[in-house]
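Heads up: the structure comes next, in structure tokens.
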2 protein chains.
Amino acid sequence: MSALFASIDLGGTNIHAAVATAAGEIIADLKEPTHSHEGPEGVIARMKQLLVKLGATTNRRPQGMGVGAPGLVDFASGTTRFFPNFPTQWRDVPLGARLAEFIGAPVWVLNDARTAALGELVYGHGKAAKTFLFYTLGTGVGGAVVIEGRIRLGEFSAAGEIGHVTIDPHGLPCGCGSRGCLETLASGPAITGEAVRLVLAGNAPMLRELSGGDLNLVSPQLVAEAVQRGEAASTTLLGRVGEALGIGAASLVSALHPPLVVLAGGIAQLGDAIIEPMRRSMVARVGMFPADAVRIVRSELGDRAGLMGGIALAVRGGNPEKNLSL
Amino acid sequence: MSALFASIDLGGTNIHAAVATAAGEIIADLKEPTHSHEGPEGVIARMKQLLVKLGATTNRRPQGMGVGAPGLVDFASGTTRFFPNFPTQWRDVPLGARLAEFIGAPVWVLNDARTAALGELVYGHGKAAKTFLFYTLGTGVGGAVVIEGRIRLGEFSAAGEIGHVTIDPHGLPCGCGSRGCLETLASGPAITGEAVRLVLAGNAPMLRELSGGDLNLVSPQLVAEAVQRGEAASTTLLGRVGEALGIGAASLVSALHPPLVVLAGGIAQLGDAIIEPMRRSMVARVGMFPADAVRIVRSELGDRAGLMGGIALAVRGGNPEKNLSL
């Protein structure tokens with residue numbers, strides 16, 4: 001029997017846990033609501049319950065576990081620093097140590113976007129390209145910078161915040177405290193907010209029809225549907241999102257010249273409606289060398305990237321050298 | 001006797017050549033005007049003359065040579081691609097091979113900003129910090145990204161163009177073909193151009209007095225002198241240059257979280273008049289984690305960084321593994 005490894009993708013909505021082999025074959029996985037309002041104790045109790053259920057299924061102890069956490073985490077200690085989208089404090093929670101004690105095996109905790117990038121590196125597009133930018137496009141815009149097979153972490157594992165590259169220095173205030181960050185233009189809330197404006201202003205009749213006039217139903221996916229039905233305003237909206245993504249990517253491509261840019265998260269599923277304008281904008285903005293060959297693709301692992309990254313963390317965790325260099 | 005290594009820093013104005021030990025002790029150096037209008041043949045002939053003169057001084061053959069070149073160079077082959085500020089074509093000139101044949105030792109050719117960053121890495125601030133952003137602030141804004149002791153090169157050694165990070169997507173057209181790049185706001189010509197506007201508009205009387213009313217004498221250094229004499233408009237000008245630098249650095253710090261940013265080139269010599277506003281802007285714009293600890297310093301090697309980088313290239317050149325990873 002091959003060794004098993006565990007993984008938890010801790011999100012604001014769901015906790016997704018899995019047990020898999022080192023090759024990335026998932027043996028069992030389970031998902032439950034996070035109930036983040038219950039705070040660290042409640043959420044950790046739920047994580048433990050999921051692990052107990054998975055253990056009952058696989059009937060074997062994992063060799064180690066990787067956890068993708070929605071915020072700043074000190075990778076070396078597994079201690080949480082700050083979860084921006086959770087309603088309760090997660091300051092200095094020894095999450096790694098608590099879970100390691102519970103499962104009786106080592107646990108590594110890393111920011112969720114960096115964890116997903118590791119999944120992509122080990123089990124996805126990284127099999128072909130070892131240097132890439134990795135964007136997670138969702139409620140926020142997170143990411144990672146992967147250079148020659150290593151995820152750039154930096155002090156307290158905070159590097160990779162490529163959703164906070166400045167796109168417009170005079171732009172909207174960002175939740176991070178800066179302004180005009182990519183996140184203010186290309187996150188789910190940014191797209192939905194602009195879509196609502198278009199509906200209310202009477203400029204997006206198709207979008208209005210698709211939503212049945214209920215603003216609660218307006219979403220990036222609905223905008224994409226309006227684009228497919230040929231609505232000009234919705235097409236322009238996603239074109240501008242793609243343009244912002246292209247400006248941000250161009251700045252990082254000028255600096256790092258990766259051969260690949262990977263898009264993950266719900267917004268990445270909008271596909272060519274954002275990827276094509278992103279590509280045009282990126283190529284036009286990289287002036288110092290030809291960037292036509294830089295590919296922009298959707299994550300090969302999709303919404304499993306985070307979970308697979310946790311497995312990769314656990315598999316590599318046993319080797320401190322590999323672990324630190326990821 | 002310890003082995004000697006040669007270096008050439010090829011600039012638009014001067015060719016600076018040196019012979020040094022592996023420890024970086026310069027044994028002899030010479031500088032002559034480039035006369036770039038004479039084209040590759042004339043310039044290569046001058047480089048050879050300088051090497052002959054240096055050889056007569058040291059009376060020993062160098063073990064290898066590194067050349068910093070003002071543009072795009074294919075590092076693997078030593079062939080030039082494009083020198084943006086030279087009046088004649090330098091497309092596909094086998095500069096490395098030509099010089100290697102002449103000196104009878106291997107020659108490595110790298111973009112001048114990346115070469116200077118290597119000098120800084122091996123002989124300057126890099127002795128303390130192995131990860132840093134390196135800006136060369138002069139007629140253009142070039143640079144390099146150094147991560148864990150490796151200079152990021154990428155395909156055809158073009159990575160590191162951090163002067164072409166977008167600061168303002170609606171900004172001025174840049175020579176590279178994009179718009180609103182850092183270079184349009186923080187290069188020598190950008191500063192002088194804005195200073196001339198202030199003089200002509202009557203908003204910078206001190207600057208006007210210092211220049212004796214001759215616009216040919218307006219320069220970034222003169223602006224810095226006006227700042228020291230307390231002129232508000234000149235202070236605002238350099239403050240905005242620093243702010244632009246801070247926005248660009250913040251985007252890259254969010255992505256890579258280096259502990260250090262190094263400024264080289266003539267504009268870096270303006271010192272705190274740009275470094276202080278740069279620091280404030282950078283810290284304010286990195287919202288996802290505290291960036292107060294990221295230091296911004298002037299190059300330890302100053303205008304010798306390029307020359308020392310050439311020596312470092314030559315010293316490391318003998319080891320292909322080290323050479324490729326720089």
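Here the structure is a predicted model, which is why all the values come from computation and not from measurement. Hydrogens, waters and symmetry mates are skipped; everything else that's a heavy atom, side chains included, is used. Each chain gets a letter, A, B and so on, in the order its sequence line appears, and its residues count up from 1.
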(request) Select, from T131(B), V253(B), L252(B), the one with the greatest count of heavy-atom pairs under 4.5 Å involving chain A. (result) T131(B)
(message) I'd like to verify something: which residue of G177(A), G160(A), P169(A), G163(A) has the highest number of heavy-atom pairs under 4.5 Å with chain B?
(response) P169(A)
(request) Heavy-atom distances under 4.5 Å only: say whether R285(B) touches chain A with side chain, backbone, both or neither. (result) both
(message) What part of I147(B) gets within 4.5 angstrom of chain A, counting heavy atoms only: side chain, backbone, both, or neither?
(response) side chain
(message) Shorter than 4.5 Å, heavy atoms on both sides: which option in E155(A), R179(A), H257(A) has the most such pairs with chain B?
(response) H257(A)
(request) Return yes if some donor-acceptor pair links the side-chain N/O of S251(B) with the main-chain N/O of T166(A) below 3.5 Å, else return no. (result) yes
(request) Starting at CZ of R150(A), measure out to CZ of R150(B) and round the result to the nearest 0.5 Å. (result) 8.0 Å
(message) If I measure from the heavy atoms of chain A, does A284(B) come under 4.5 Å with its side chain, its backbone, both, or neither?
(response) backbone
(message) For L256(B), which atoms come within 4.5 Å of any heavy atom of chain A: side chain, backbone, both, or neither?
(response) both
(request) Against chain A, work out which of G154(B), S254(B), A159(B), S178(B) has the most heavy-atom pairs shorter than 4.5 Å and name it. (result) S254(B)
(request) Output the option from E243(A), R152(A), R81(A), H170(A) having the highest count of non-hydrogen pairs under 4.5 Å with chain B. (result) R152(A)
(message) Please report the interatomic distance NE2(H164(A)) to CZ(F289(B)), rounded to the nearest 0.5 Å.
(response) 10.0 Å
